[in-house]
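Read the structure below first, then the notes.
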Amino acid sequence: MSRFEPALRREPAPDLDVGHEPELVDRIRAEIEATGPITFARFMERALYEPELGYYTSGRPGPGRQGDFITAPETHPIFGRAIARQLDDAWQLLDRPGTFVVREHGAGSGALATAILDGLDADGSGLAKAIRYEPVEADPRQADAIVNRLRAAGRPAVSPTAGAFVGAVVANEVLDALPVHAVAWRDGRLRERLVSWHAGRFVEVEAEPTTPALAERLATEGVELRERQLAEICLALDSWMARVAAPLERGLVLIVDYGHPATQLYGPRRMAGSLRAYLRQRVHDDPFANVGRQDLTSHVDLTAVDRAARAAGLEALGVTTQAEFLVSLGMDDVVAAMRDAEASLEDALALRSSLARLLDPAMTGSFKVMAFGRGLPEAASLRGMRFRLRR
């Protein structure tokens, strides 16, 4: 399953109990015992990214049909074909530079990289000769493996290099896994939900906010939480955007994720927040189960993304849905070609099922695609943003 399904288990079912990563639990518990309760953002950071032990750094399968959730690139290569066409569009708007770097954050299994490069070849794009693919992963070993695999197939892949570059930054389902602070509105004031240790397990305790930035974020976005409402706030978003945008001299930043503008994300329909755990293609809401062995995620605040991008010196080029993005980039001709080439009924059914997942608003079709640019021609219009959403 992709990381957005609305179905929810209040407690993990017995078959979703795979146990903790014991050394990681010991390390987090030791930090709590030494310093007192920690923010959920700190807990989430360690649970997902602790070197060698976190969910994304342990070497275990994450996204993919054999992993805990399926992202769009693993669903079908047609998603990468659409991204390839958008990258070609940006390359042409920049007057076809001889070297065009594509730096993919959260490169995962390398499925998106492969689909993009195959798509450029299939379309006969001149970008295929100019592109230099740079996968970025929390676990450097995984990024190196992608580079080696692409090189072995004769693809132009390298490890990320220092310095400015012309090209594109791509991030598919990355921002939802950035650490978030957990908060609640109690008795007319903001409280922060911290992580403590009690009776042999991690527990949640409420306290005064650890930083005024939490209240400031809500105030800046004009958000007023309701009594007893739970929510998550991603302060890490600003530094992430500043870091990934800084080396982009000219080009495109393309972000795909599930999220909402702040007024919707913190609206009355989300009184319990959006923090979820993913394991074995299923979802539940106990973040303290299977520490280090399950994914943790929260819906993205699109208002905060837009503000962070502008603060990083990027120009907002548009927001659309994944379904409209795919349609805008002419995926109908790709689908027709794939159908003509399908060798079996099984392949045809797999294509149909994948398209349903990618286009259906009740599945991943409602994911948002956000585009930002730097140094593009004035009034540049991206093909993928043909059906932009109103802000």
Side-chain angles (χ1 to χ4, degrees), residues 2-4 28 38-51 53-58 62-63 68-69 71-72 103-108 135-140 142-143 169-183 192-195 210-211 213-214 216-218 220-221 223 230-246 253-262 265-266 270 273-278 283 285 287 291-292 294-312 314 319 367-370 372:
S2 58
R3 294 184 298 181
F4 85 108
I28 300 175
I38 59 175
T39 66
F40 187 81
R42 175 61 175 165
F43 173 85
M44 186 172 175
E45 177 185 21
R46 300 197 72 173
L48 296 183
Y49 304 111
E50 183 82 0
L53 299 174
Y55 180 78
Y56 286 108
T57 54
S58 65
D68 295 314
F69 55 89
T71 62
R103 184 168 292 177
E104 184 196 351
H105 289 262
V136 179
E137 259 298 331
D139 185 348
Q142 190 169 353
V169 172
V170 177
N172 178 66
E173 291 195 55
V174 171
L175 300 188
D176 61 88
L178 291 180
V180 295
H181 289 258
V183 299
E192 186 164 4
R193 296 145 54 201
L194 304 179
V195 180
T210 58
T211 170
L214 298 172
E216 290 168 2
R217 167 69 65 80
L218 296 177
T220 298
E221 296 182 338
V223 170
L230 308 181
E232 295 78 39
I233 300 173
C234 184
L235 299 180
L237 184 60
D238 301 81
S239 58
W240 182 90
M241 185 67 76
R243 184 175 70 257
V244 303
V253 174
L254 196 65
I255 296 171
V256 185
D257 227 313
Y258 48 97
H260 312 274
L265 181 63
Y266 300 115
R270 296 194 177 275
S274 64
L275 182 64
R276 300 292 183 262
Y278 288 81
V283 58
D285 70 347
V291 176
Q294 67 179 14
D295 188 28
L296 299 175
T297 176
S298 183
H299 286 213
V300 177
D301 180 346
L302 303 185
T303 304
V305 174
D306 184 79
R307 183 175 291 106
R310 293 172 189 269
L314 300 175
V319 182
F367 278 25
K368 304 302 186 298
V369 182
M370 306 183 75
F372 304 94

Could you please spell out the steps behind the side chain to side chain contact (heavy atoms under 4.5 Å, CB included) verdict for Lys368 and Val305?
-> CA-CA 12 Å; Lys368 304 302 186 298; Val305 174; over 6 Å; no
Nearest heavy atoms of [X] and [Y], plus distance in Å:
X      : Y      : value
Ala277 : Leu296 : CB-CD2, 3.9 Å
Glu137 : Gly106 : OE2-C, 3.2 Å
Ala47  : Val291 : CB-CG1, 4.3 Å
Pro179 : Tyr49  : CD-CE1, 4.5 Å
Cys234 : Val180 : CB-CG1, 3.8 Å
Ala308 : Leu237 : CB-O, 4.4 Å

Between the main-chain N or O of [Y] and the side-chain N or O of [X], is there a donor-acceptor pair closer than 3.5 Å?
X      : Y      : result
Asp257 : Asp176 : yes
Glu104 : Val170 : no
Asp301 : Ile233 : no
Arg193 : Val183 : yes

Could I get the full list of side-chain hydrogen bond (donor to acceptor under 3.5 Å, both in side chains) partners for Glu192, not counting sequence neighbours?
-> His181, Thr210
Could you pull out all residues at least two apart from Arg42 that satisfy side-chain hydrogen bond (donor to acceptor under 3.5 Å, both in side chains)?
-> Glu31, Glu45
Once rounded to the nearest 0.5 Å, what's the spacing between atom [atom1] of [X] and atom [atom2] of [Y]?
X      : Y      : atom1 : atom2 : answer
Ile28  : Ile38  : CD1   : CD1   : 6.0 Å
Met44  : Glu232 : CE    : CD    : 9.0 Å
Ser298 : Tyr258 : OG    : OH    : 8.0 Å
Leu175 : Ile255 : CG    : CD1   : 5.0 Å
Asp295 : Leu48  : CG    : CG    : 6.0 Å

Dump the intermediate steps for side chain to side chain contact (heavy atoms under 4.5 Å, CB included) on Phe372 and Val169, then the final yes or no.
-> CA-CA 10 Å; Phe372 304 94; Val169 172; over 6 Å; no
For the residue pair Leu265 and Glu221, establish whether any side-chain heavy-atom pair is separated by less than 4.5 Å.
-> no
Parallel, tilted or perpendicular, as decided by the 30° and 60° cut-offs, for the rings of His299 and His260 | parallel
Could you walk me through whether Gln142 and Tyr56 pass side chain to side chain contact (heavy atoms under 4.5 Å, CB included), step by step?
-> CA-CA 10 Å; Gln142 190 169 353; Tyr56 286 108; over 6 Å; no
Sorted by chain and residue number, the ring-ring contact (aromatic ring centres under 6.0 Å, His included) partners of Tyr266 (sequence neighbours excluded) come out as none
